[in-house]
Novice: 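First, the structure itself, so that you have it in front of you.
Computed from a prediction, not measured in an experiment: that's the story for all the values here. Chain letters run A, B, ... following the sequence lines, proteins first, then strands; residues in each count from 1.
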Amino acid sequence: MQSEQNELIKRRLEELEEIKKLGVNPYPHNFKVTASSKEIISSFQDPENDEERENQKNNLIRIAGRIIAIRRMGKATFCHIKDCEGRIQIYLRKDDIGELSYKILKLLDIGDIIGAEGFVFRTKTGEISVHATEMKLLTKSIYPLPVVKEEITESGEKIVHDAFADVELRYRQRYIDLIVNENVRNTFRIRMEVIRSIKNTLERHKFIEVETPTLQTIYGGANARPFVTKHNALGIELFLRISNELFLKRLIVGGFDRVYEFVKDFRNEGIDRTHNPEFTQVEWYQAYADYNDSMDLFEEIIENAAMDSLGTTVINYQGTEINLKRPWKRLKMTEVIKSKTGLDVVNMPLSEILDYMKKKNIDIDARLTKSKGLVIALLFEEVCEGDLIQPVFITDHPIETTPLCKPLRDYSLEQIENMKTDPEHVIFVERFEPYINKWELGNSYTELNDPLLQKCLLEEQEERGRGGEEEIHPMDEDFLRAIEVGMPPTTGVGLGVDRLVMLLTNSYSIRDVIFFPLMKPLDK
RNA sequence: GGGGAUGUAGCUCAGGGGUAGAGCAAUUGCCUUUUAAGCAAUGGGUCGGAGGUUCGAUUCCUCCCAUCCUCACCA
């Protein structure tokens, strides 16, 4: 794979041969590790007298890691190695590790992995280090790493020189990015802590973790184009899930009252700094509760995630300070529109809303203009979304925005029937979207469990291809049957994990919080 | 998909119609508490790819590829 012409690689292959000639296996099978860099540094006691220093010397530890910096000084060598928890300096003297090991050491490079046994000491210049009494090569690297140098200034500031910064290479070769860029590792550490925190909060609330299919014969639960694949033996078309919502509701029907699932969803859409074709969502469903309960739990989950991963609810995202502390504002979509524009969209005729939008130069798809509800939702997106920096729940969307959500409890069933036939009346549903930094961070409903209304709304969606879009959502008859069997009053929530992690790690692009974001293949 | 920018050594970058530049890394030598180690010497390039203009292209032109930004798309 790597170019054989490359001088650096050729050189390393020669070193590899020399090591073998010296009778040393460059790829041994194991090394017993007794300490990590972090443990060593945090537990080091500076010996004050000779006796303690002797004790220290008798207390041998074993550590392993990748060489990330090496300074040779003739018959002594300093190197920094990096292990899972950090970095530490190793001091190796020919007299201590022996002739053969020192010969091997001379054949090592940045990127090689070594193990060392030795005692902890503090160098003249004050750095806690391991004075090696033994060194073992654990893995010889033949592909050169970028050489990144760190300088600690007198004021204690860290300056990184020649950082590995090419974003394309960083994403394509994330393993190198992780070795070389400390902050990248930290971003993903936070990601894992956020996920653990969300699970912990849900578990505390008695939710259980479940698994639903990634490969589906019918896709649904969201409005997005799917990835299509095929099963060879069965000879059928399959879709990668765009959402797991319809399956989690089936589990509620089946009697699991509180379920959650972390999933990759796959959406065949454009890619930008907040969209990756596969992304992580956690969805949870709770029986005998409504969207007000979901708002309570949502803000608790986010607050806990921030506290558990960062120890604070105050974050800075790209220069904007955001406070995630509970409670968050809860605002009706139409109220936000009113306070922003002065328009009482509920009670004004559709034609006047359209006039207003024309005046404001808001482009509107001709196919949407027949639906007052969709026009209101669009107006909100165009005019109001940009202001939603601090956490806020936007509630009570027009029914046309989703077929899976229960109408507000204020309506009688009769009212709903009557209003449906009147284009000037909009039915609103018990839905909320949490917004932070102008982003939708999730989506939640008081779930629709009226099987007749559910059927009606899904059929409508199928008919109009949902708001005039090209793709037609297939009807999921089995899901309808599940609702007919009877789903208890339920609320469900989806939370976009990647975007949450972006906020908490101050990451500009979603690609910075996904280990291996999708990249186009390179031509040979 | 539209528009803009970028692509030069392993890494970070300069340059520019006539033999390709720097720092770090590499190689050789000296150096047993150094730390962006140091000193001296040396090697390293299909200048993203394919065409075109030209006596001559890495540089100018066209197309292609990849990446980033932006718009469109996207609950």
Novice: Just how far, in rounded Å, is C1' of B:A26 from OH of A:Tyr143?
Specialist: 15 Å
Novice: Do the side chain of A:His275 and the base of B:C74 come within less than 3.5 angstrom through a donor-acceptor pair of N or O atoms?
Specialist: yes
Novice: Using atom C1' in both nucleotides, what's the gap between B:G45 and B:A25 to the nearest angstrom?
Specialist: 16 Å
Novice: Write down the distance separating the C1' atoms in B:G38 and B:A20, rounded off to the nearest Å.
Specialist: 29 Å
Novice: Side chain to side chain contact (heavy atoms under 4.5 Å, CB included) between A:Met475 and A:Glu459: does it pass, once the steps are laid out?
Specialist: CA-CA 7 Å; A:Met475 177 66 75; A:Glu459 277 170 357; 3.4 Å; yes
Novice: Tell me whether the centres of the aromatic rings in A:Trp328 and A:Tyr435 are closer together than 6.0 Å.
Specialist: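 They do not qualify: ring centres at least 6.0 Å apart.
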Novice: Can you pull out the residues from residues 89-99 of chain A that lie within a 4.0 Å heavy-atom distance of RNA chain B?
Specialist: A:Gln89, A:Tyr91, A:Arg93, A:Asp95
Novice: Can you name the ring-ring contact (aromatic ring centres under 6.0 Å, His included) partners of A:His131, sequence neighbours left out?
Specialist: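 ring-ring contact (aromatic ring centres under 6.0 Å, His included) check on A:His131 returns A:Tyr91, A:Phe119, A:Phe121.
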Novice: Under 6.0 Å from the ring centre and within 45 degrees of the ring axis: does the NZ or CZ of A:Arg431 meet both conditions for the six-membered ring of A:Tyr291?
Specialist: no
Novice: With heavy-atom distances below 4.5 Å as the criterion, would you say the side chains of A:Glu447 and A:Glu430 are in contact?
Specialist: no
Novice: Is there any ring pair (Phe, Tyr, Trp, His ring centres under 6.0 Å) pair reaching into residues 162-188 of chain A, and which pairs are they, with sequence neighbours excluded?
Specialist: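 Residue pairs with at least one partner in residues 162-188 of chain A: A:Phe188-A:Phe515.
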Novice: Could you tell me how far B:U62 sits from B:U53 if I compare only their C1' atoms? Round to whole Å.
Specialist: 11 Å
Novice: Select base, sugar-phosphate, or nothing to describe what A:Leu169 touches, counting heavy atoms under 4.0 Å on all strands.
Specialist: sugar-phosphate
Novice: For the P atoms, the ones on B:G21 and on B:U34, what distance do you get once it is rounded to whole angstrom?
Specialist: 38 Å
Novice: Quick one: stems for RNA chain B, with Watson-Crick or G-U pairs under 3.5 Å, at least three in a row?
Specialist: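 RNA chain B forms these stems: B:1-7 with B:65-71, B:10-13 with B:21-24, B:26-30 with B:38-42, B:48-52 with B:60-64.
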Novice: Does a side-chain N or O from A:Asn443 land closer than 4.0 Å to OP1 or OP2 of B:A75, or not?
Specialist: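 Checking B:A75 against A:Asn443, no side-chain N or O comes under 4.0 Å of OP1 or OP2.
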Novice: Base, sugar-phosphate alone, or nothing: which one does A:His397 contact when heavy atoms must sit under 4.0 Å apart?
Specialist: nothing
Novice: Between atom CD of A:Glu278 and atom NZ of A:Lys264, what is the distance when rounded to the nearest 0.5 Å?
Specialist: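 The NZ atom of A:Lys264 is 4.0 Å from CD of A:Glu278, to the nearest 0.5 Å.
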Novice: Please give, in whole Å, the distance from B:U27 P to A:Lys106 NZ?
Specialist: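 Going from NZ in A:Lys106 over to P in B:U27 covers 12 Å.
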Novice: Check every strand shown and say whether A:Gln173 touches a base, only sugar-phosphate, or nothing at a heavy-atom separation below 4.0 Å.
Specialist: nothing
Novice: So how far is it from A:Ile104 CD1 to A:Leu92 CG, rounded to the nearest 0.5 Å?
Specialist: 13.0 Å
Novice: Working to the nearest 0.5 angstrom, can you tell me the gap between A:Cys79 SG and A:Ile68 CD1?
Specialist: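 Result: 9.5 Å between the selected atoms.
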Novice: For A:Thr187 and A:Asp512, what are the C-alpha separation, side-chain angles and deciding distance, and is it a side chain to side chain contact (heavy atoms under 4.5 Å, CB included)?
Specialist: CA-CA 8 Å; A:Thr187 292; A:Asp512 292 321; 5.5 Å; no
Novice: With C1' as the reference atom in both, quote the distance from B:A50 to B:U58 in angstrom, rounded to an integer.
Specialist: 15 Å
Novice: Look at the side chain of A:Thr77 and the base of B:U32, then say whether one donor and one acceptor between them are separated by less than 3.5 Å.
Specialist: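 Flag unset: no donor-acceptor pair detected.
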Novice: Checking A:Lys103 now: which residues fulfil side chain to side chain contact (heavy atoms under 4.5 Å, CB included) with it, not counting sequence neighbours?
Specialist: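 Here the qualifying residues are A:Leu22.
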Novice: Contact class for A:Ala69 (heavy atom, under 4.0 Å): base, sugar-phosphate, or nothing?
Specialist: nothing
Novice: List in chain and number order the residues that pass ring-ring contact (aromatic ring centres under 6.0 Å, His included) with A:Phe239, two or more places apart in sequence or in another chain; answer none if no residue qualifies.
Specialist: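 A:Tyr219.
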Novice: With a 4.0 Å cut-off on heavy atoms, is A:Arg11 in touch with a base, just the backbone sugar-phosphate, or nothing at all?
Specialist: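 Sugar-phosphate: the residue A:Arg11, judged by heavy atoms under 4.0 Å, touches backbone atoms but no base.
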Novice: Using side chain to side chain contact (heavy atoms under 4.5 Å, CB included) as the criterion, list what pairs up with A:Asp162, not counting sequence neighbours.
Specialist: none
Novice: Rounding to an integer number of Å, can you tell me how far A:Phe164 CZ sits from B:A9 P?
Specialist: 14 Å
Novice: If we take the C1' atom in both B:G23 and B:A36, what is their distance in whole Å?
Specialist: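 Here B:G23 and B:A36 have their C1' atoms 11 Å from each other.
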Novice: Restricting to ring-ring contact (aromatic ring centres under 6.0 Å, His included), what partner residues turn up for A:Phe432, sequence neighbours left out?
Specialist: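 For A:Phe432, the residues satisfying ring-ring contact (aromatic ring centres under 6.0 Å, His included) (neighbours in sequence not counted) are A:Phe393.
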Novice: Using atom CZ of A:Arg122 as one end and atom P of B:U35 as the other, report the distance to the nearest whole Å.
Specialist: 17 Å
Novice: In this structure, how many angstroms lie between the P atom of B:U28 and the CD atom of A:Glu15, rounded?
Specialist: 8 Å
Novice: C1' atom, B:G3 versus B:A72: distance in rounded Å?
Specialist: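 Taking atom C1' in both B:G3 and B:A72, they lie 11 Å apart.
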Novice: Between B:A5 and B:G52, how far apart are the C1' atoms? Round to whole Å, please.
Specialist: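 Taking atom C1' in both B:G52 and B:A5, they lie 24 Å apart.
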Novice: At under 4.0 Å between heavy atoms, which parts of nucleotides 38-47 of chain B does protein reach? Answer with one letter per nucleotide, 5' to 3': B base, S sugar-phosphate only, - none.
Specialist: -----BS---
Novice: Roughly how many Å is it from CD1 in A:Ile399 to P in B:A75, rounded to a whole number?
Specialist: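 Value for this atom pair: 18 Å.
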Novice: Check the phosphate of B:U34 against A:Arg71, side-chain N and O only, distance under 4.0 Å to OP1 or OP2. Yes or no?
Specialist: no
Novice: Kindly indicate whether the side chain of A:Thr274, heavy atoms from C-beta on, has any atom under 4.5 Å from the side chain of A:Trp439.
Specialist: yes
Novice: Rounded to whole angstroms, how far apart are CZ on A:Phe279 and P on B:C74?
Specialist: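 My rounded result for the distance is 15 Å.
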Novice: Just checking A:Ala377: base, sugar-phosphate only, or nothing, at a heavy-atom cut-off of under 4.0 Å?
Specialist: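 Touches nothing.
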Novice: Using a heavy-atom distance cut-off of less than 4.0 Å, which residues of residues 124-136 of chain A contact RNA chain B?
Specialist: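 Residues of residues 124-136 of chain A under 4.0 Å from RNA chain B: A:Lys124, A:Thr125, A:Glu127.
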Novice: Do A:Glu99 and A:Lys94 have side chains that approach each other closer than 4.5 Å (heavy atoms only, starting at C-beta)?
Specialist: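 Touching, per the 4.5 Å side-chain cut-off.
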Novice: Taking side chain to side chain contact (heavy atoms under 4.5 Å, CB included) as the definition, give me every residue that meets it alongside A:Glu157, ordered by chain and number, with sequence neighbours left out.
Specialist: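 A:Glu157 satisfies side chain to side chain contact (heavy atoms under 4.5 Å, CB included) with A:Thr153, A:Ser155 once adjacent residues are dropped.
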Novice: At what distance, to the nearest 0.5 angstrom, does OG1 of A:Thr280 lie from CD1 of A:Ile514?
Specialist: 6.5 Å
Novice: Roughly, in whole Å, what's the span from CG in A:Leu145 to P in B:C24?
Specialist: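 Value for this atom pair: 19 Å.
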Novice: Check whether any side-chain heavy atom of A:Glu15 lies under 4.5 Å from a side-chain heavy atom of A:Lys140, and answer yes or no.
Specialist: yes
Novice: Could you list, one pair per line, each protein nitrogen or oxygen that sits under 3.5 Å from a nitrogen or oxygen of nucleotides 67-72 of chain B, together with the distance?
Specialist:
| unit_1 | atom_1 | unit_2 | atom_2 | d |
| --- | --- | --- | --- | --- |
| B:U67 | OP1 | A:Lys520 | N | 3.0 |
| B:U67 | O4' | A:Glu168 | OE1 | 2.9 |
| B:C68 | OP1 | A:Arg511 | NH1 | 2.3 |
| B:U70 | OP1 | A:Tyr508 | OH | 3.2 |

